[in-house]
> 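Have a look at the structure that comes next, please.
Nothing here was measured: the structure is a model prediction, and the numbers come from that model. Here is how names work: the chains are called A, B, and so on, in the same order as the sequence lines, proteins then strands, and each is numbered from 1. Note: hydrogens, waters and symmetry copies are ignored here, and every other heavy atom, side chains too, is used.
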Amino acid sequence: MGKEITSRSEDYAQWYIDLVKKADLAENSDVRGCMVIKPYGYSIWEKMQAGLDKMFKDTGHVNAYFPLFVPKSMFEAEEKNAEGFAKECAIVTHYRLKSDPLKKGKLMVDPDAKLEEELVVRPTSEAIIWSTYKRWIQSYRDLPVLINQWANVVRWEMRTRLFLRTAEFLWQEGHTAHATAPEAIQETEQMLNVYAEFVETFMAVPVIKGKKSEGERFPGAVETYCIEAMMQDGKALQAGTSHFLGQNFADAFGVQFTNKEGKLDKVWGTSWGVSTRLIGALIMAHSDDDGLVLPPKLAPIHVVIVPIFKTEQELEKISEQANQIAGALRKQGYSVKFDNRDTHKPGFKFAEWELKGVPVRIAIGPRDLENKTVEVARRDTKEKQVVALDAIATSIPALLDSIQENIYQKALAFRNSMITPVNSFDEFKQVLDGKGGFVLAHWDGTAETEAAIKEDTKATIRCIPLDAKPESGVCVYSGKPSDKRVLFARAY
RNA sequence: CGGGGUGUAGCGUAGCCCGGUAUCGCGCUUGGUUUGGGACCAAGAGAUCGUCAGUUCGAAUCUGGCCACCCCGACCA
């Protein structure tokens, strides 16, 4: 008996939880809202980090690390940002415990160790970073500052879901400072493009680039750009954001510089981030009722080799063959697992590695030894084929590329099929309640209409697509004029 | 924070209404037979029934408090 996974059609939310737990990605911890990311899940995160980090470096960024704690007075300096995060902040008020005189063996907060000023556990690091930039930036020669940090942040969420929303999560946050607005805007757009490229080429998840409406904008930002992805259940998921901060944080923290003309000027800022939430997106974009389907570019294990044997002698011979194949593939940079456990049957191993989403499985049995072949199975389509031994070194890399491409195309076709233009509010609601997905509709551009639609349908404006074609029409809700369609959806 | 639910072996559970220290499956250990899609047989080990108190000769079971977690909603990446 194996690990039963709830089917997507039966209960999509449960299917997701089953996958995360049974594929050993993560589990709930003893701390409310916080998860333990297990080695297999963390390995995916490491691959994401590696891919992104290279892209950040290639665009001129460097890594640094800023403190977890932010003094309250510093945190509240940029008012909108502070307000936006205020209700989900964890606060440190004391710095010491002591033995509880009333309960033997128990500890209590030492009332004498109260902090002069409370420390906010960062929900994001703009405050601490900009207060530091103030010291670093005096001249236009000090600009731009292009820094990224890999860190954990804490947002005290009411309700959490593994990877998608946890009280503590891992992410990267880029924080850049520039001499001019156009340069900062260009940076914002560049990083949005980096995210889009990463998500599409590594994760094989197609995204729509756009700007957030005022209501959905990052607190403290002038403009928030985002990439939006579509999950298999028809709900949208924000996969990354890039913010043009204007001079808001320069104002709040007094970050000024002397420009080439010798005049004092305020610095322009950006910030941008993606989180372990991407792992949730990865799961929900590709996986099926048998388990994970991982894109080769992020799979911790590319190829698993399963021997099929009766006797130890057979296993020995097969191992020799398997090690040869593994060695050749590893030389090409692929991660190969030879599953030579003699405690499980092949069928069990097949199911287990499928659950874990390993893109390619090679099975080798006595018949293969005789014929100088192996059986190659791909995870995405479950197709099997017999491949000659001497063709493996070329066919496996090709197959992995083909899997990467295939799952992207599949996700793209699905996503495209889930974009529905509508022209009336009735149609709007009908599509949302029926097939779901993205709804492309005219909107009058007001926050009131946006809020009313959200109230009525639970759908939010995911973004105003960057490539939206000018098209005159009337708002589906208010009937007022509109010059382009925007993307609505129910979202994670 | 509102509504609902759950807490019994590593995991999933039965038992609770009608009190007498615990059921079954998976997993684990040992031995044997097996191995081209989640093997089978046999023998074992493993639980102070979330926690504290009360009722009782006796509490997993009844009563009360507390704690934790999950699900649905509001909030959010």
> B:U51 and B:G32: how far apart are their C1' atoms, nearest whole angstrom?
46 Å
> Does A:K384 contact B:G36 through a side-chain donor or acceptor facing the base, at a distance under 3.5 Å?
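Absent.
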> Going through the distances and angles, do A:Y195 and A:F198 end up as a ring-ring contact (aromatic ring centres under 6.0 Å, His included)?
CA-CA 5 Å; A:Y195 286 155; A:F198 173 79; 8.3 Å; no
> Starting the side chain at C-beta, find the nucleotide from B:G73, B:A77, B:U35 nearest to A:K458.
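Out of B:G73, B:A77, B:U35, the nucleotide with an atom closest to A:K458's side chain is B:G73.
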> Go through A:T224 and A:E216 one step at a time and tell me if the side-chain hydrogen bond (donor to acceptor under 3.5 Å, both in side chains) criterion holds.
CA-CA 8 Å; A:T224 289; A:E216 298 280 323; over 6 Å; no
> Please check the phosphate of B:U35 (OP1 and OP2 only) for any side-chain N or O of A:K349 closer than 4.0 Å.
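So the side chain of A:K349 is outside the cut-off, no N or O lying under 4.0 Å from OP1 or OP2 of B:U35.
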> Does A:L164 reach a base, just sugar-phosphate, or nothing at all? Heavy atoms under 4.0 Å.
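Base contact.
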> Quick check: on RNA chain B, is the nucleotide nearest A:A377 upstream (toward 5') of the one nearest A:F85, or the reverse? Name the residue that is more 5'.
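First, find each residue's nearest nucleotide; the 5'-ward one identifies A:A377.
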> Using Watson-Crick and G-U wobble pairs with both distances under 3.5 Å, what is the 5'-to-3' dot-bracket string of RNA chain B, with [ ] for crossing pairs and | for pairs outside the strand?
(((((((..(((.......[...))).((((((.....)))))).....(((((..]....))))))))))))....
> Please pick, from B:C75, B:A77, B:G37, the nucleotide with the shortest atom-to-atom distance to any side-chain atom of A:F350.
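Of the candidates, B:G37 comes closest.
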> Take atom P in B:U55 and the same atom in B:U63, then report the distance between them in whole Å.
16 Å
> What distance, rounded to whole Å, do you find between the two C1' atoms, one in B:G44 and one in B:U48?
22 Å
> Between B:G37 atom C1' and A:R361 atom CZ, what is the distance in whole Å?
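The distance from CZ of A:R361 to C1' of B:G37 comes to 8 Å, rounded to the nearest Å.
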> For A:K22 and B:G10, what is the distance between atoms NZ and P respectively, to the nearest whole Å?
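These atoms are roughly 18 Å apart.
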> Could you check how far CG of A:L355 sits from P of B:G37, rounded to whole Å?
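Interatomic distance, CG of A:L355 to P of B:G37: 19 Å.
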> Listing time: all N or O pairs from protein to nucleotides 69-71 of chain B that are below 3.5 Å?
residue, atom, partner, partner atom, Å
B:C69, OP1, A:R32, N, 2.9
B:C70, OP1, A:N28, OD1, 3.3

> Report the distance from atom CD1 of A:I308 to atom P of B:U34, rounded to the nearest whole Å.
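So the CD1-P distance, A:I308 to B:U34, works out to 18 Å.
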> In whole angstrom, give the distance that lies between atom CZ of A:R367 and atom C1' of B:U35.
13 Å
> When the C1' atoms of B:C67 and B:A53 are considered, how many whole Å apart are they?
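One C1' to the other, the span is 14 Å.
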> Nearest whole angstrom, please: distance from the C1' of B:A77 to the CD of A:E228.
10 Å
> Do A:T176 and A:T270 get their side chains close enough for a donor-acceptor pair, meaning under 3.5 Å?
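Per modelled atom types, A:T176 and A:T270 side chains form a pair under 3.5 Å.
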> Output the single nucleotide from B:G37, B:C75, B:G36 whose closest atom is nearest the side chain of A:P366.
B:G36
> From the set B:U35, B:A77, B:G38, return the single nucleotide nearest to any side-chain atom of A:S275.
B:A77
> Report the distance from atom CD of A:E88 to atom C1' of B:A74, rounded to the nearest whole Å.
13 Å
> Give the ring-plane orientation class for A:F244 versus A:W268, where under 30° counts as parallel, over 60° as perpendicular and anything between as tilted.
parallel
> Describe the nucleic acid contact of A:K212 in one word from base, sugar-phosphate, nothing, applying a heavy-atom distance below 4.0 Å.
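Counting heavy atoms under 4.0 Å across all strands, no contact is made by A:K212.
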> Using a distance-only criterion (donor-acceptor N/O pair, under 3.5 Å, no hydrogens), is the base of B:G38 paired with the side chain of A:E354?
no
> Kindly point out which of B:G38, B:U35, B:A77 is positioned nearest to the side chain of A:F348?
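Among the listed nucleotides, the one closest to the side chain of A:F348 is B:G38.
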> When the P atoms of B:G19 and B:U29 are considered, how many whole Å apart are they?
41 Å
> Here's one to test your reading of the geometry: is the NZ or CZ of A:K209 within 45 degrees of the ring axis of A:Y225 and under 6.0 Å from its centre?
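Relative to the ring axis of A:Y225, which defines the angle, A:K209 lies outside at least one limit.
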> Is A:D433 salt-bridged to A:R490, going by a charged N under 4.0 Å from an acidic O?
yes
> Centres of the A:Y133 and A:F253 rings: under 6.0 Å?
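No: the rings miss the under 6.0 Å criterion.
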> Using a 4.0 Å heavy-atom cut-off across all strands, classify A:F169 as base, sugar-phosphate, or nothing.
base
> So among A:F438, A:F428, A:F425, A:Y477, which one has a ring-ring contact (aromatic ring centres under 6.0 Å, His included) with A:F488?
A:F428
> Applying the side chain to side chain contact (heavy atoms under 4.5 Å, CB included) test to A:M203, which of A:L294, A:I279, A:L278 qualifies?
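For A:M203, the side chain to side chain contact (heavy atoms under 4.5 Å, CB included) test succeeds with only one of A:L294, A:I279, A:L278, which is A:L278.
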> B:C17 and B:A59: how far apart are their C1' atoms, nearest whole angstrom?
15 Å
> Which part of the nucleic acid, if any, lies within reach of A:K87 when heavy atoms closer than 4.0 Å are counted: base, sugar-phosphate only, or nothing?
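Sugar-phosphate: the residue A:K87, judged by heavy atoms under 4.0 Å, touches backbone atoms but no base.
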> Please state the C1' separation for the pair B:U61 and B:U56 - nearest whole angstrom.
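Comparing C1' positions in B:U61 and B:U56 gives a spacing of 13 Å.
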> State the syn/anti category of B:U55 according to its glycosidic angle, syn meaning within 90° of 0.
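Glycosidic conformation of B:U55: anti.
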> Under a 4.0 Å threshold between the charged nitrogen and the carboxylate oxygen, would A:R361 count as salt-bridged to A:E354?
yes
> If you take the centroid of each ring, where Trp contributes its six-membered ring, are A:W130 and A:F66 closer together than 6.0 Å?
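So the answer is no for these two rings.
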> In whole Å, what is the span from the CD atom of A:E157 to the P atom of B:C1?
16 Å
> Within 45° of the axis and under 6.0 Å from the centre of the six-membered ring of A:W45, does NZ or CZ of A:R277 qualify?
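Output no; distance or angle outside limits.
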> Is A:T276 touching bases, backbone alone, or none of the nucleic acid, heavy atoms closer than 4.0 Å?
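A:T276: no heavy atom of the nucleic acid under 4.0 Å.
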> Roughly how many Å apart are B:A60 and B:C16, using the P atom of each and rounding to a whole number?
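14 Å, rounded to whole Å.
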